[in-house]
A.B. asks: 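Here it is, the structure in full.
In what follows, every heavy atom counts, from backbone to side chain, and hydrogens, waters and symmetry copies are set aside.
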Amino acid sequence: MAQTTPNHTQTVSGWAAHDTSGKITPYIFKRRENGVNDVTIEILYCGICHTDLHQVRNDWGIAMYPIVPGHEITGLITKVGSNVKGFKVGDKVGVGCLAASCLDCEFCNNSQENYCDQVQFTYNGIFWDGSITYGGYSKMLVADHRYVVHIPENLAMDAAAPLLCAGITVFCPMKDNNLVGGAMGKKVGIVGLGGLGHVAVKFAKAFGHHVTVISTSPSKQNEAKARLGADDFIVSTDDQQMQKARRSLDFILDTVSANHSLGPILELLKVNGTLVFVGAPEKPIELPSFPLIFGKRVVKGSMIGGMRETQEMMDICGKHNITCDIEVIKPDNINEAMDRLARNDVRYRFVIDIAAL
């Protein structure tokens, strides 16, 4: 493991964290030359994900400082390797969480690269050449083209950036449970109306389903229904509302990362209903057995998707004109945005205008 190799000859300016304080400061580093399978991307925008906050503060104990965060990257291709097909200079493209995988296991062969045992991520990972990967809080990126997707022409590059993490995270469980392109009119519940939840509502409505937002915050009802188009809203701390909605939903997507019990939420599912968990609470989730046993219900987890699914999601977003609701910031304001993100003070994703300086 090394920060660079002799092939890392390109000087790049970016922004990095150097210790557990998580403070982001300007940082000059090296990227590799554009290889035969690579594309070079001028980064225009990069979303700030909650994962970035955890990584720069080493909350998960795996930080390799300095960390250049960012895995919600959009930009323009400026160079294309000789083996690259399907991309050309000037293309609008995106890079999400994945930087490398083995390319030869059952998951890679089925375009589920995100489940490869040897998967490496866009930042704080180890690339094939042994170098540490640096993410999108920077001016330029060299990426293997197999982990790059096209951004539809009609989508704004800033508002499309968080789709590369938040979007694919909520799209995959919907597709896995036949909510994309299948029978319409299913009763879908979305727990939490934040960075993940708000785009999940947009997807579920675009796919023709009846959407209920489940939240602890009564103040979000108008936002959910009037602006995002949800059909119903349940305050999860209101026992009367929860009882009234008992056994009413076919599918629930739980996007909440705060610690909470799944028991009351499971009671909202019909018999044979499914709850998919995409949040990542710090403590183990509370999962009582009776709501599972007496409702023949299923609880599953899900993460981001593979590359084929990510491109499919992007194409669907282009068809339905789906993007994330964002607040654009300049690089000088990254630390302020990180602090606000820690307090959930954003609607609904921060995006850095990398070219702002």
Side-chain angles (χ1 to χ4, degrees), residues 32 34-41 43-47 49 51 70-77 79-88 91-129 133-136 141-153 155 157 160-177 180-181 196 199 203 276 278 301-320 322-324:
R32 70 181 185 274
N34 197 86
V36 295
N37 291 310
D38 292 335
V39 294
T40 296
I41 301 167
I43 299 175
L44 300 180
Y45 297 98
C46 185
C49 178
T51 295
H71 58 208
E72 299 176 349
I73 304 162
T74 58
L76 302 175
I77 290 182
K79 188 178 291 187
V80 176
S82 59
N83 288 349
V84 174
K85 302 274 192 295
F87 293 99
K88 64 182 185 301
D91 280 355
K92 294 171 58 176
V93 294
V95 175
C97 300
L98 305 182
S101 61
C102 80
L103 300 175
D104 195 37
C105 67
E106 60 174 310
F107 301 108
C108 288
N109 289 330
N110 196 33
S111 195
Q112 297 184 79
E113 301 91 344
N114 50 310
Y115 294 110
C116 173
D117 277 343
Q118 298 179 45
V119 69
Q120 294 296 331
F121 297 111
T122 301
Y123 72 89
N124 202 47
I126 308 296
F127 195 62
W128 287 316
D129 61 8
T133 56
Y134 293 135
L141 176 70
V142 179
D144 188 296
H145 76 285
R146 289 166 287 199
Y147 306 93
V148 179
V149 296
H150 289 279
I151 305 293
E153 286 297 325
L155 296 185
M157 294 286 270
L163 293 172
L164 292 154
C165 180
I168 191 63
T169 296
V170 299
F171 175 83
C172 283
M174 291 187 185
K175 183 183 177 185
D176 290 345
N177 287 274
V180 181
L196 298 177
V199 72
F203 277 140
V276 177
V278 294
S302 184
M303 58 182 295
I304 57 169
M307 296 313 301
R308 187 167 59 212
E309 286 176 317
T310 305
Q311 187 63 69
E312 178 187 1
M313 176 213 63
M314 274 296 179
D315 293 342
I316 287 174
C317 287
K319 177 182 177 181
H320 294 283
I322 295 173
T323 54
C324 296

A.B. asks: Please identify each residue that fulfils side-chain contact (heavy atoms from CB on, under 4.5 Å) with V119, with sequence neighbours left out.
C.D. replies: L98, C116, F121

A.B. asks: Can you run down the salt bridge (Lys or Arg N to Asp or Glu O under 4.0 Å) pairs that involve residues 303-316, sequence neighbours left out, and say none if there aren't any?
C.D. replies: K175-E312

A.B. asks: Output all residues satisfying side-chain contact (heavy atoms from CB on, under 4.5 Å) with K319, sequence neighbours left out; order by chain, then residue number.
C.D. replies: none

A.B. asks: Which residues satisfy the side-chain hydrogen bond (donor to acceptor under 3.5 Å, both in side chains) test with D38, sequence neighbours excluded?
C.D. replies: R32

A.B. asks: With rounding to the nearest 0.5 Å, note down the distance linking CE in M313 to CG in L164.
C.D. replies: 6.0 Å

A.B. asks: How close do C172 and G305 get, heavy atom to heavy atom, and via which atoms?
C.D. replies: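 Answer, listing the atom of C172 first, then G305: SG-CA, 3.3 Å.
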
A.B. asks: Could you state the interatomic distance from CD1 (I73) to SG (C165), rounded to the nearest 0.5 Å?
C.D. replies: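 Interatomic distance, I73 CD1 to C165 SG, rounded to 0.5 Å: 11.0 Å.
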
A.B. asks: I'd like to check the side-chain contact (heavy atoms from CB on, under 4.5 Å) partners of T133; sequence neighbours left out, ordered by chain and number.
C.D. replies: A99, F127

A.B. asks: Run the numbers on V39 and V93 for side-chain contact (heavy atoms from CB on, under 4.5 Å), then give the verdict.
C.D. replies: CA-CA 10 Å; V39 294; V93 294; 5.8 Å; no

A.B. asks: Which atoms form the tightest heavy-atom contact between T74 and A161, and what is the distance?
C.D. replies: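 Shortest heavy-atom separation between T74 and A161 comes out as CG2-CA, 3.7 Å.
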
A.B. asks: Can you confirm whether P162 sits close enough to V199 that some side-chain heavy atom of one is under 4.5 Å from a side-chain heavy atom of the other?
C.D. replies: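 Side-chain contact under 4.5 Å: no.
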
A.B. asks: How many angstroms lie between atom CG of N83 and atom CG of N37, to the nearest 0.5 angstrom?
C.D. replies: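 With rounding to 0.5 Å, CG (N83) is 4.5 Å from CG (N37).
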
A.B. asks: Apply side-chain hydrogen bond (donor to acceptor under 3.5 Å, both in side chains) to S101 and list each qualifying residue two or more places apart in sequence or on a separate chain.
C.D. replies: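 Result, side-chain hydrogen bond (donor to acceptor under 3.5 Å, both in side chains) vs S101: Y147.
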
A.B. asks: Could you list all the salt bridge (Lys or Arg N to Asp or Glu O under 4.0 Å) pairs where at least one residue sits in residues 91-105, not counting sequence neighbours?
C.D. replies: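 Found K88-D91.
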
A.B. asks: Could you state the interatomic distance from CG (L76) to CD1 (I43), rounded to the nearest 0.5 Å?
C.D. replies: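 Between atom CG of L76 and atom CD1 of I43 there are 11.0 Å.
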
A.B. asks: Sequence neighbours excluded, which residues qualify as side-chain hydrogen bond (donor to acceptor under 3.5 Å, both in side chains) partners of K85?
C.D. replies: none

A.B. asks: Would you sort out whether M174 and V276 count as a side-chain contact (heavy atoms from CB on, under 4.5 Å), showing the intermediate values?
C.D. replies: CA-CA 9 Å; M174 291 187 185; V276 177; over 6 Å; no

A.B. asks: One pair to check against side-chain contact (heavy atoms from CB on, under 4.5 Å): R146 and L103. What are the steps and the verdict?
C.D. replies: CA-CA 10 Å; R146 289 166 287 199; L103 300 175; 3.4 Å; yes

A.B. asks: Mind jotting down which residue pairs meet the side-chain hydrogen bond (donor to acceptor under 3.5 Å, both in side chains) criterion with at least one end in residues 109-126? Sequence neighbours excluded, please.
C.D. replies: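 Passing the test, one end in residues 109-126: D52-Y123, Q55-N124.
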
A.B. asks: Looking at A143 and V95, what are the two nearest heavy atoms and their distance?
C.D. replies: CB-CG2, 4.2 Å

A.B. asks: Using the ring pair (Phe, Tyr, Trp, His ring centres under 6.0 Å) criterion, which residues pair with H150? Sequence neighbours excluded.
C.D. replies: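 Listed in chain order: F87.
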
A.B. asks: How far apart are the closest heavy atoms of D144 and V148, and which atoms are they?
C.D. replies: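 Result for this residue pair: O-CG2, 3.5 Å.
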
A.B. asks: To the nearest 0.5 angstrom, please state how far the CE atom of M314 sits from the CD1 atom of I316.
C.D. replies: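 Interatomic distance, M314 CE to I316 CD1, rounded to 0.5 Å: 11.5 Å.
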
A.B. asks: Roughly how far apart are E72 CD and C49 SG, rounded to 0.5 Å?
C.D. replies: 5.0 Å

